[in-house]
A.B. asks: 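Okay, here's the structure, questions in a sec.
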Amino acid sequence: MRRILIGVCLTLASLGGALGAPAAAELVFTDGAVYTVDGARSWAEAVGVSGGRIVFVGTGAAAKAWIGPSTKVVDLGGKMLLPAFHDSHVHPISGGMEALECDLHGLATADEVLKAVAAYAAAHPEAKWIRGGGWDLTLFPAGNPSKALLDKVVPDRPVLLDASDGHSAWANSKALALAGITKATPDPPLGRIERDPKTGEPSGALREDAVGLVSKLLPGRTPADYAAGLKKALEIANGYGLTSLQEASASEEELKAYANADAAGTLTARVNASIYVNTEKGVSELPRLKDLRSKYRGKRLRADGVKIFADGVLETRTAAVLEPYIGFGDDRGKANLKPADFQALATALDKEGFQIHIHAIGDRGIRDSLDALEAAEKANGRRDARHHVAHLELIEPPDIPRFRRLGVVANFQPFWANGDQYITELTEPELGPERSRWLYPIASVLAAGGVTAFGSDWSVSSMNPLDGIEVAVTHREPPKGPGPAWLPQEQIALPEAIAGYTIGGAYLDFSEKETGSIEVGKAADLIVLDRNLFEIPPSQIHDAKVLSTLLEGKEVYRAKGY
Ligand SMILES: [Zn+2]
């Protein structure tokens, strides 16, 4: 009975707007292809916004009641209206700072990279170091560029350039000499100094923690650098329709920059930060993490997450795998944590109410992560924790149903499932065809009832969610056009791909009552797209453009000419 009464009340309340005379909305979109991403994945024609919130969703005829003399009416002319996007794994500030330095993203040949480095060095004669990044591993044999190449273009100053995947860097001779790295220098425990196979001399590429041997010498970045990096990242994010960002590995400097922007009213995205945990320090990190979590909270900023790196990446064999990499003896990569330590750390963090965000790429790293989260649940009891594992490149089939069972969100970067040279030339040969079948098994996780959320890992890959959506659907590199899909078993449908960047991300952020779909009562975080994604060939999704991005009803981006 009680349930029936509540049902009636809700129905009357929701009909109230249509039956009575609603107060006019401040803003009404009409004649749109409104894909709401609500539970029924329903479509609408019109949306009303007042006080930063969605007050009406429905037909064009019903919208008329919400239009008053001072209402701003936007006729969408059939264009698409979507909930604004969530990026569930992104590095805004480091990416933004990188974009302002020697930016090598998207360059197609080693020659172009070297020309860009030379041009940057010439344009910045004052720079004591040439720093930046974004070079593509696949442009160099085995992802292993030499110091000699860099020495040719910058012989006199130290150079350190991060690879686009963030797990390797490339140094010239001057930088290696300043760091004192010689033939005699041992590899750090969680890193590798690439060496000339004949002479044993460091050859220029540094993996994982070995990068730190040189990067510790770089001049410190200033708060102004962080602020500029954030500003740049927010411009890019808003331009791609993003208004919610899951910061994937925050330092205190980064948290400060977010907090300053939040206080100044310039933080044009909701930021949920995962604070970086030093896995070597393990459980002793807790007091610091709790301190940062309570200190950095604001209108649009939370730091309720912690980030644990379980392993490295497959391309350079630093990801932890269950069976050896093919062609490298018994090499199974490296897990950053012993299982017992991982479980103790996850249990302690879970007990303190942190949301655990894990980087795990190899099947062993992923299994260890799920084991750690399972141990936490056993010790502390089940709670609505929404821990998540990001990247999930190679999952052993028995681990696929565990996401659902443990309530762990599968945080994929679907853009990576594009069958590019990273996969065909570096990854698949190391794994063989049988294991490669289980690369990026997004469809399998969904079929097993798991919740997925999607992100870019920018600046590793394009921040544009439309690139990720297209690849999730096509399993092809976006500019290639239609053709056979790489690993077609794991392609997903467009509604699921959009959900991963909207309501899935909102769920991951504990904000599904606030964002992620177009429903009455939610924040008016909305985007206008120049075309309806359901009416174009999937291979053209990346060509679609965001025309306008609204955060709480206020426009934070508008395309030129719109
Ligand atoms: Zn990342």
Side-chain angles (χ1 to χ4, degrees), residues 85-99 105 133-137 162-169 190-191 207-209 211-212 215 229-230 233 236-237 240 242 244-251 253-255 258 269 271-279 303 305-316 318-320 333-334 336-337 355-362 365-366 369 387-394 408-417 422 427 440 452-465 467-468 471 500-501 505 508-509:
F85 292 130
H86 280 246
D87 191 324
S88 293
H89 185 106
V90 58
H91 302 274
I93 296 180
S94 59
M97 289 193 291
E98 237 177 59
H105 286 93
W135 57 274
D136 196 319
L137 286 172
D162 291 316
S164 67
D165 74 346
H167 292 263
S168 291
L190 297 174
R207 312 293 184 201
E208 306 292 345
D209 282 6
V211 178
S215 66
L230 175 57
I236 299 171
Y240 287 140
L242 289 155
S244 293
L245 306 173
Q246 175 76 224
E247 155 66 62
S249 181
S251 63
E253 287 77 11
E254 283 164 315
L255 292 171
Y258 288 120
V271 174
N272 192 10
S274 300
I275 310 165
Y276 170 77
V277 182
N278 183 327
T279 43
V306 290
K307 173 67 176 301
I308 298 173
F309 283 86
D311 64 356
V313 294
L314 289 169
E315 294 86 12
T316 59
T318 52
K334 276 175 188 165
N336 291 342
L337 286 138
Q355 185 182 21
I356 302 172
H357 178 168
I358 303 173
H359 163 119
I361 286 197
I366 292 164
S369 303
H387 300 312
H388 50 121
V389 184
H391 307 329
L392 300 169
E393 198 161 335
L394 179 68
V408 173
V409 182
N411 186 343
F412 282 104
Q413 283 58 65
F415 183 74
W416 297 349
Y422 272 91
T427 307
Y440 307 115
T452 55
F454 296 159
S456 66
D457 204 10
W458 187 76
S459 61
V460 173
S461 313
S462 155
M463 208 204 288
N464 187 353
D467 289 342
V471 175
Y501 283 100
L508 186 139
D509 274 345

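Position 1 is the first residue of the sequence, and the numbers go up from there. When a ligand or atom number is given, it counts from 1 through the structure's own listing order.
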A.B. asks: Do any N/O/S atoms of His89 come under 2.8 Å of the Zn ion (ligand 1)?
C.D. replies: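 Yes, within the cut-off.
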
A.B. asks: Is it the case that the side chain of Asp311 and the backbone of Gly362 share a donor-acceptor pair, with hydrogens and angles ignored and the cut-off at 3.5 Å?
C.D. replies: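 Judged by distance alone, yes, a pair lies under 3.5 Å.
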
A.B. asks: Please determine if the Zn ion (ligand 1) has an N/O/S atom from His391 lying under 2.8 Å away.
C.D. replies: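 For His391, the answer is no, given that no N, O or S atom comes within less than 2.8 Å of the Zn ion (ligand 1).
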
A.B. asks: Evaluate side-chain hydrogen bond (donor to acceptor under 3.5 Å, both in side chains) for Ser456 paired with Asp87, printing each intermediate quantity in order.
C.D. replies: CA-CA 6 Å; Ser456 66; Asp87 191 324; 2.6 Å; yes

A.B. asks: I'd like the atom name of the N/O/S atom in Asp457 lying closest to the Zn ion (ligand 1).
C.D. replies: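 The nearest such atom is OD1.
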
A.B. asks: For the pair His359 and Phe309, name the ring-plane relationship: parallel under 30°, tilted 30 to 60°, perpendicular over 60°.
C.D. replies: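 Rings of His359 and Phe309: tilted, as their planes differ by 30° to 60°.
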
A.B. asks: What orientation do Phe412 and Phe454 show, parallel under 30°, tilted 30 to 60°, or perpendicular over 60°?
C.D. replies: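 Judged by the thresholds at 30° and 60°, the geometry between Phe412 and Phe454 is perpendicular.
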
